[in-house]
Structures are given as C-alpha cells and as structure tokens.
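Down below is the structure, laid out as structure tokens.
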Amino acid sequence: MPVITLPDGSQRHFDHPITIADVAASIGSGLAKAALAGEVNGKLVDTFSLIENDATLRIITDRDPEGLDIIRHSTAHLLAHAVKSLFPTAQVTIGPVIENGFYYDFAFGRPFSTEDLEKIEAKMSELIKQDIAVSRNVVGRDEAIAFFKGLGEEYKVKIIQDIPATETLTIYEQGDFADLCRGPHVPSTGKLKAFKLTKVSGAYWRGDSNNEMLQRVYGTAWKDKKTLDEYLKNLEEAEKRDHRKIAKAMDLFHIQEEAPGMVFWHNNGWTIYQQIKRYITERILENGYAEVSTPQIVDLELWKKSGHWAMFNEQMFTVESDNRHYAIKPMNCPCHVQIFKQGLKSYRDLPIRLAEFGSLHRNELSGAMHGLMRVRQLVQDDAHIFCTEDQLQEESLKFIQLLIDVYRDFGFNDVTVRLATRPLKRIGSDELWDHAENALLEALKKAGLTFAIFPEEGAFYGPKIEFHLKDCLNRMWQCGTLQLDYAQPARLEAYYIAEDGSKKTPVMLHRAILGSLERFIGVLLEHYAGKLPLWLAPQQAVMMNITDKQADYVVDITQKLKKQGVRVKSDLRNEKIGFKIREHTLAHIPHLLIAGDREVESRTISVRTMDGSDLGSMSLDQYVKFVETEVSKRGRIE
RNA sequence: GCCGACGUAGCUCAGGUGGUAGAGCAACUGAUUCGUAAUCAGUAGGUCCCGAGUUCGAGUCCCGGCGUCGGCACCA
C-alpha cells in the first residue's frame with residue numbers, strides 16, 4: 001500500500017498501486033492537467049507509470065527544467081511521427097534534445113525541402129490537435145529487433161544491437177507511430193503547445209564522415225507560444241550581432257572570392273587588430289616573454305621531422321622553387337625550436353618563453369570557413385615555453401593567471417574551460433602522462449577555475465587546456481589554449497645541459513591567450529554587439545559642427561585632439577546635427593563631440609556618448625583626461 | 001570534403017509560368033545654415049558570381065565550376 005511523499009514533505013496514502021497521473025489528480029485538477037511526468041525516488045518516469053511501493057514523488061510540469069526537456073524530446077517524437085505519416089519510406093534513427101530544442105535524423109531517399117518542412121509542421125500541429133495518447137511497452141531484445149525489422153526500420157535494429165544486453169528496452173507508441181526510446185514522454189500529444197522546425201541539414205550516420213548522410217531536421221520547442229516567440233525574437237536579435245554584419249556596417253574588413261578564408265582588413269578593422277596586438281605585446285613582455293619572428297616558408301624536411309607533415313599535410317599549403325619543396329607555415333612551433341637550438345642552453349636559462357605574432361596558413365576544408373571565426377590565414381598570440389619538468393606546473397599556473405587577467409581586460413569574465421586528457425593513441429609513458437595531466441589539473445585548481453574534463457581529447461603528444469568563448473548564437477569557439485608537448489623538442493633534437501651535466505630534452509608548452517586574433521576579434525565584436533569600449537574602438541570620437549560658422553574651430557580642435565592621441569575625425573557636412581548624431585551613433589562611435597556658437601565662444605566641446613547620455617560641455621584638457629581614464633579602464637567590468 | 005539553400009546597383013532586397021532589370025538607403029548636384037537619433041528636390045548608377053548549353057530570345061530553364069550562408073565532419 002504505497003505511501004507517497006511529496007516535495008513539501010506531505011504524505012498521501014493509497015490502498016492500491018497508483019499512477020502519477022492519479023496522484024496528481026488527487027492533489028488538484030490543475031496539476032493533473034499540467035503533469036508531464038513524475039520523478040519517483042529521483043528517477044524520471046511517465047505520468048502513466050504505476051507506483052506500487054512507498055516513494056517520494058515530484059510531479060514534473062512545464063515549470064521544471066526537466067519538463068521542458070521532456071516537451072522537447074516528445075516534440076522530436078512528434079516530428080518523427082509526422083514524417084513517417086507523410087513519408088512512409090523514411091526511416092527513423094535518433095532524435096535527441098539539444099540546447100533550446102531538438103533534432104531528429106532520418107534516412108530518406110532525398111533531402112527534405114523547405115516545403116516539406118512546412119508540410120511536416122502542419123502535420124505535427126494536426127497530431128497535437130488529435131491529442132493522441134502516448135503509451136510505453138517494455139519489450140525483449142529479440143522481440144524489439146523483430147518488431148523494427150517488420151517495420152523496415154534498419155537503423156533502429158542497428159541501434160538496438162548496440163545497446164548493452166543488461167538494459168531494458170522500451171517502445172513508445174502514439175497512434176500508428178512507434179519508436180524505441182528510453183522516455184519519459186508527455187502523456188499525450190496535446191501537451192505540446194509551442195514548437196517550430198528551424199532548419200534541415202545533412203548529418204552523417206553515427207557522426208562518422210565515412211558513413212552515409214542522413215537528413216537532419218532541427219526544431220525548437222517551448223512550454224507555450226509566448227516563450228517560443230521570445231526565443232525566436234532573441235535569435236533574430238542575436239543574428240543582428242553577427243560579426244560579419246557588424247563588420248560591414250563598421251567598415252572593418254571584407255573577404256572576397258579570390259582569397260577564400262583570408263581577410264582584407266580595412267583601416268578600421270586593422271586599427272582594432274593593432275590595438276590588440278600592442279596590448280598583448282605589452283602584457284607578455286612584462287611577463288618574461290621574448291618576441292621573435294620566424295620564416296613564412298620553410299622546407300618540407302623540417303615539417304617532416306617535426307611530425308606535422310605526417311599528421312596535417314592536407315591542411316598545409318605548399319610551394320615549389322628551384323626543385324625544393326616548401327610549406328607555408330601552419331604553426332610557429334618548429335621554428336621556435338630552431339631558435340631554441342641556436343647556442344647551447346643551460347638549465348639556468350630555462351624557462352625560455354618565445355612569442356611570435358606569426359602569420360599562419362592552414363588549408364581548412366571549404367565547408368569549415370566561417371567569417372573571422374574560421375579562416376585560412378590567421379595570426380595567433382602564440383608563444384612556446386621551453387622549461388624543465390619541475391617548472392611545468394608553475395609555468396602553467398602563471399600562464400592561466402595571465403590569461404584570466406587579459407580576458408578581464410576584454411570584458412570576458414565568463415569562460416568555459418576544458419581539460420583534455422590522454423587520448424587512446426598517444427606517445428610517452430603513463431608516468432609522464434600522469435605527471436603532465438596532474439600539472440595542468442593542479443594549475444587549474446590553483447587558479448580557482450571551474451572546468452570540465454574531456455577524457456581522451458588531448459593531443460597525441462600531451463594533454464591540453466582549452467579556453468572557449470561563445471559567439472552570439474551560442475556557438476563555442478576555442479580561443480586560448482595551453483598544451484604540453486614532450487614530442488616535438490625530442491623529434492627536433494632540442495636539449496639543454498642539466499645540473500648534473502647531462503643533456504636533457506626540455507618540455508615545450510604551446511600557449512595562446514586570444515588564440516587566433518581573427519577569431520578573437522570576431523567573438524569580441526559579437527560580445528559587444530559592435531559597441532567596442534573606448535580603448536578598442538577604431539574611431540573613438542567624431543567632432544562635428546552645427547553650422548558652417550564653426551567649421552574652422554572644429555578642424556582646429558580635431559587636430560589638437562589627434563596630437564594628444566585621440567582617434568578622432570571631423571564631420572563638417574552640411575547636415576542637421578540630429579542627422580550626424582544618428583549616423584555616428586549607428587556606426588558605434590563612442591564619443592560624439594559637438595561645437596556650436598556656444599562652444600566656440602567658451603572654447604569647449606559638448607560631449608555625447610554612443611549610448612545617448614549627454615556629458616555636457618568640457619574643455620579640451622578635461623576631455624583628453626576623460627578619454628585617458630576611460631581607455632585605462634579597458635573593458636573591465638567593475 | 002559531405003547535404004541543402006543562396007549569389008541582381010556601394011548596402012539591404014524585389015523581380016509568377018523565359019520577352020532587353022526595379023525600390024529604399026548610400027553616392028553625386030542644387031537648395032537649406034539648422035543645438036543632440038533621418039531637411040527638401042533632382043541626377044547618375046548594373047558583365048544579374050563565372051563558364052558552357054537549350055531557345056528567335058535566359059536574371060529566369062539545363063549542365064559544370066567558384067564563393068557565401070546553415071548544418072555535418074574536421075579544427076595541430
């Protein structure tokens with residue numbers, strides 16, 4: 001006779017096994033209607049599942065995060081249901097919940113068109129209206145295989161064959177549609193209120209590019225129309241922040257057909273670029289790095305020795321001259337090892353930190369390019385630290401601390417950190433890996449960072465820490481990285497003389513804070529929606545006159561401000577002041593400086609910021625001081 | 001690289017079923033001289049991504065290529 005304990009501690013006694021739906025109904029009719037699933041003793045189950053023994057129960061509604069996941073999962077099923085009824089030859093595969101929605105992969109003879117999508121959506125709405133009850137059946141393995149074979153669902157059969165024999169298999173049915181699924185699901189299709197199919201694309205079966213391509217349909221689902229609309233609106237807003245759009249509006253750069261994946265930086269964009277480079281140079285020099293510069297084109301022999309040619313030759317551009325074969329460098333590291341090797345190094349010289357803003361070329365697959373985020377020519381704020389085993393952890397910690405501080409200056413206080421550990425295919429002893437992983441782990445802990453461990457994701461030569469930033473559409477981009485490398489220094493025969501007089505191979509740390517400057521600028525533009533803080537803004541101020549009378553004054557003040565290092569231009573056009581203000585505000589110029597008769601009279605300028613606040617009149621000196629203070633704050637959030 | 005969509009004026013985009021390209025903004029010219037997010041009028045502007053084909057005739061249809069976009073895969 002089950003006694004059911006609810007989240008508020010109250011208990012309900014029943015004299016017979018009871019479903020969650022019934023418990024909900026016994027509490028109230030509103031809850032009965034809202035119930036999507038239940039959590040019984042910490043496990044999510046369907047509302048129609050039977051409770052036979054004493055249990056704690058939480059009824060899941062669309063107010064719970066789990067409720068939303070269930071809605072999305074059930075909407076994925078609804079999608080499959082609609083597809084199967086419209087296109088019976090389509091085979092179902094998997095349909096998981098993802099951030100903000102779900103997708104479902106189908107094997108189908110042809111791609112789905114946008115018209116198909118509309119039809120599918122309409123069918124889904126129809127199925128919702130019919131409010132079809134969902135049921136769950138536990139089935140035996142052979143039974144399940146026979147069942148899906150009978151339906152011609154070959155992929156489901158493959159999926160079942162891969163599920164461990166210990167797991168029970170369940171089939172969910174709604175009307176004439178059945179799918180292998182762990183559940184739970186909403187009790188009936190009528191519970192699904194707000195969804196939208198967003199895009200179709202190809203996706204490889206089991207994520208392997210050697211396999212056939214399936215048709216993936218993406219969708220989003222929410223508890224009600226209101227939250228769905230909010231989400232769609234947010235998406236639209238986010239798309240406006242796309243760095244490619246902002247760049248066009250701000251005249252930052254362009255990319256054209258003749259040089260795919262390579263950037264033509266316009267003056268405005270290049271000003272940002274230079275500003276960042278200058279800043280990083282300053283920061284690394286004060287942190288004991290030495291800046292170097294190495295060749296762009298290097299004989300293939302070096303890349304063979306370093307291991308790059310064997311691993312990454314498809315992504316390397318090559319050139320030929322005088323019967324010699326060269327590669328345009330995709331990375332700086334082998335060249336930095338060459339500098340390390342010049343002259344005998346003692347343990348006393350270590351650590352040696354070599355930094356370079358080298359231009360790198362990587363022949364990325366054509367489909368991989370993405371604005372500034374993924375390009376074929378890039379510059380990293382790259383450096384390699386050569387050190388001893390003992391210095392590993394301290395160097396790692398120092399780097400992480402520098403990175404965090406630099407990110408703060410750019411206004412990023414929220415960074416996703418991953419520790420990628422030993423992959424299956426690797427070189428080096430387990431002791432070495434223990435040591436290396438531990439060094440990074442300890443460094444992360446000491447730095448006080450929260451991070452996730454990504455097992456088997458490390459490089460073949462060593463573990464790595466990845467620092468990811470999000471773009472406006474929530475796509476993650478790796479920016480910073482710290483990698484331990486035991487292989488290259490040895491392969492390229494770098495050594496130092498240890499305390500005991502023996503030759504030892506140094507450990508090499510590959511590290512970058514911003515990663516590719518191109519990508520970082522892309523993320524930065526989206527982060528700020530183009531409204532860069534003063535220190536980065538390519539144009540910091542525009543000085544404008546109200547009528548022609550103040551033109552000379554404006555030219556004079558502009559000149560003086562330029563001499564003081566302010567990135568300012570004048571706008572003397574015969575336009576109304578409102579028009580000029582609007583234009584420069586839309587161009588995200590931080591300071592709008594205005595001079596009318598009053599200002600000429602008092603030798604001042606009227607200062608307005610791009611967010612619309614009027615700072616009143618100030619003298620030239622006052623303004624320059626104001627700029628200096630703002631610039632020195634950089635992008636830090638107090 | 002794979003699947004799909006797209007490529008028209010400087011920008012954003014319109015151009016059922018084939019009949020010599022259009023709007024808004026920007027540009028240019030003129031008027032206006034104005035106080036914090038759009039003054040008015042006029043003018044000019046095109047290799048419709050490239051190549052081949054079907055057709056009397058192609059921005060539109062077919063084929064091939066390039067690029068971009070959304071995903072997949074990849075990402076030292």
Side-chain angles (χ1 to χ4, degrees), chain A residues 103 105 108 110-114 116-117 198-218 239 242 244-245 248-249 251 254-261 303 306-308 310-316 329-334 360 362-371 373-375 380 382 459-462 464 466 473 475 477-478 481 483 485 487-488 510 512 515-516 519 544-551 573-587 592-599 606-610 612-616:
Chain A
Y103 68 77
D105 285 347
F108 191 41
R110 63 172 177 85
F112 292 116
S113 65
T114 39
D116 292 335
L117 223 57
T198 49
K199 53 199 169 196
V200 264
S201 82
Y204 299 109
W205 164 240
R206 288 187 165 145
D208 185 338
S209 58
N210 294 314
N211 291 341
E212 67 274 30
M213 191 158 262
L214 307 171
Q215 300 305 318
R216 176 170 298 179
V217 179
Y218 284 92
E239 273 163 21
D242 190 308
R244 292 162 296 201
K245 283 192 183 159
K248 217 172 242 174
D251 190 22
H254 84 272
I255 295 173
Q256 68 186 48
E257 286 199 23
E258 287 81 355
W303 301 109
S306 70
H308 287 87
M311 299 294 288
F312 313 111
N313 67 83
E314 310 92 354
Q315 288 183 67
M316 288 167 72
K329 71 175 168 188
M331 296 173 73
N332 295 308
C333 36
L360 310 177
R362 300 175 182 181
N363 197 359
E364 298 285 352
L365 291 173
S366 59
M369 255 96 73
H370 184 103
M373 305 300 200
R374 194 80 173 269
V375 288
Q380 292 181 323
D382 196 16
F460 69 94
Y461 49 73
K464 58 180 177 178
E466 300 176 358
L473 294 176
R475 290 177 285 215
W477 298 97
Q478 186 194 310
T481 185
Q483 307 173 11
D485 186 352
Q488 258 191 90
H510 304 244
S516 121
R519 174 179 295 176
M544 45 203 146
N545 53 342
I546 286 174
T547 72
D548 288 347
K549 269 194 280 175
Q550 304 91 28
R573 289 176 305 168
N574 176 12
E575 294 289 353
K576 287 191 170 178
I577 195 67
F579 178 85
K580 295 191 197 180
I581 284 171
R582 177 184 154 81
E583 229 179 41
H584 297 125
T585 303
L586 290 174
L592 308 177
L593 313 177
I594 295 147
D597 286 338
R598 285 205 298 275
E599 285 74 18
S606 167
V607 182
R608 180 191 158 110
T609 64
M610 73 177 145
S613 46
D614 187 349
L615 303 184

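Reckoned from all heavy atoms, side chains included, excluding hydrogens, waters and symmetry mates. Per chain, numbering begins at 1; letters A, B, ... match sequence-line order.
The side-chain contact (heavy atoms from CB on, under 4.5 Å) search around A:S209 returns A:Y204, not counting sequence neighbours. Considering only residues two or more places apart in sequence or on other chains, A:E314 meets the side-chain hydrogen bond (donor to acceptor under 3.5 Å, both in side chains) condition with none of them. Under the ring-ring contact (aromatic ring centres under 6.0 Å, His included) criterion, A:Y218 pairs with A:Y103, not counting sequence neighbours. Remark: A:F579 engages no residue in a ring-ring contact (aromatic ring centres under 6.0 Å, His included) (not counting sequence neighbours). In this view, A:D548 satisfies the side-chain hydrogen bond (donor to acceptor under 3.5 Å, both in side chains) rule with no residue, not counting sequence neighbours. Applying the side-chain contact (heavy atoms from CB on, under 4.5 Å) criterion to A:V375, with sequence neighbours excluded, gives A:V263, A:L378, A:E518. Partners of A:A551 by side-chain contact (heavy atoms from CB on, under 4.5 Å), not counting sequence neighbours, listed by chain and number: A:N545, A:L572. Legend: residues meeting ring-ring contact (aromatic ring centres under 6.0 Å, His included) with A:H510, ordered by chain and number and at least two apart, are A:H384, A:Y461. Under the rule for a side-chain contact (heavy atoms from CB on, under 4.5 Å), the partners of A:A259 that lie at least two apart in sequence or sit in another chain are A:M262, A:F264.
In this structure, CZ of A:R573 is placed 11 Å from C1' of B:A26, rounded to the nearest angstrom. Rounded to an integer number of Å, the gap from A:M544 CE to B:G35 P is 14 Å. One atom, CG of A:L365, and another, C1' of B:C69, lie 17 Å apart when rounded to the nearest Å.
The residue among A:R374 and A:L214 whose nearest nucleotide of RNA chain B lies closer to the 5′ end is A:L214. Nearer to the 5' terminus of RNA chain B, by closest-nucleotide assignment, is the contact made by A:G207 (compared with the other of A:Q483 and A:G207).
For A:F312 and B:A76, the ring-to-base geometry satisfies the stacking test (centroid distance below 5.5 Å, interplanar angle below 30°).
Within 4.0 Å (heavy atoms only), A:M213 reaches at least one base atom of the nucleic acid. Using a 4.0 Å heavy-atom criterion, one finds that A:K329 contacts no nucleic acid atom at all. Among the atoms of the strands shown, base atoms are found under 4.0 Å from some heavy atom of A:P330.
B:A38 is unpaired under the criterion used here, namely a Watson-Crick or G-U wobble arrangement in which both key atom distances are under 3.5 Å.
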Footprint string (nucleotides 60-68 of chain B, 5' to 3'): B base within contact, S backbone only, - free, heavy atoms under 4.0 Å = ------BSS
Listing time: all N or O pairs from protein to nucleotides 36-40 of chain B that are below 3.5 Å?
residue	atom	partner	partner atom	Å
B:U36	O3'	A:R608	NH1	3.3
B:U36	O2'	A:R608	NH1	2.7
B:U36	O4	A:S606	OG	2.6
B:A37	OP2	A:R608	NH1	3.4
B:A37	O4'	A:R582	N	3.4
B:A37	N7	A:R608	NH2	3.4
B:A38	N9	A:R582	NE	3.4
B:A38	N7	A:R582	NE	3.1
B:A38	N7	A:R582	NH1	3.1
B:A38	N7	A:R582	NH2	3.1
B:A38	N6	A:R582	NH2	2.5
B:A38	N1	A:R582	NH2	3.4

Which atoms of nucleotides 9-15 of chain B (N or O only) lie under 3.5 Å from a protein N or O atom, and what are those distances?
residue	atom	partner	partner atom	Å
B:U12	OP1	A:K248	NZ	3.0

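Comparing B:A58 with B:C50, their P atoms sit 15 Å apart, to the nearest whole Å. The same atom, C1', is picked in B:A31 and in B:A37; the two are 24 Å apart, to the nearest Å.
For A:M331, the side-chain atoms get nearest to B:A76 when compared with the rest of B:G35, B:A76, B:G71.
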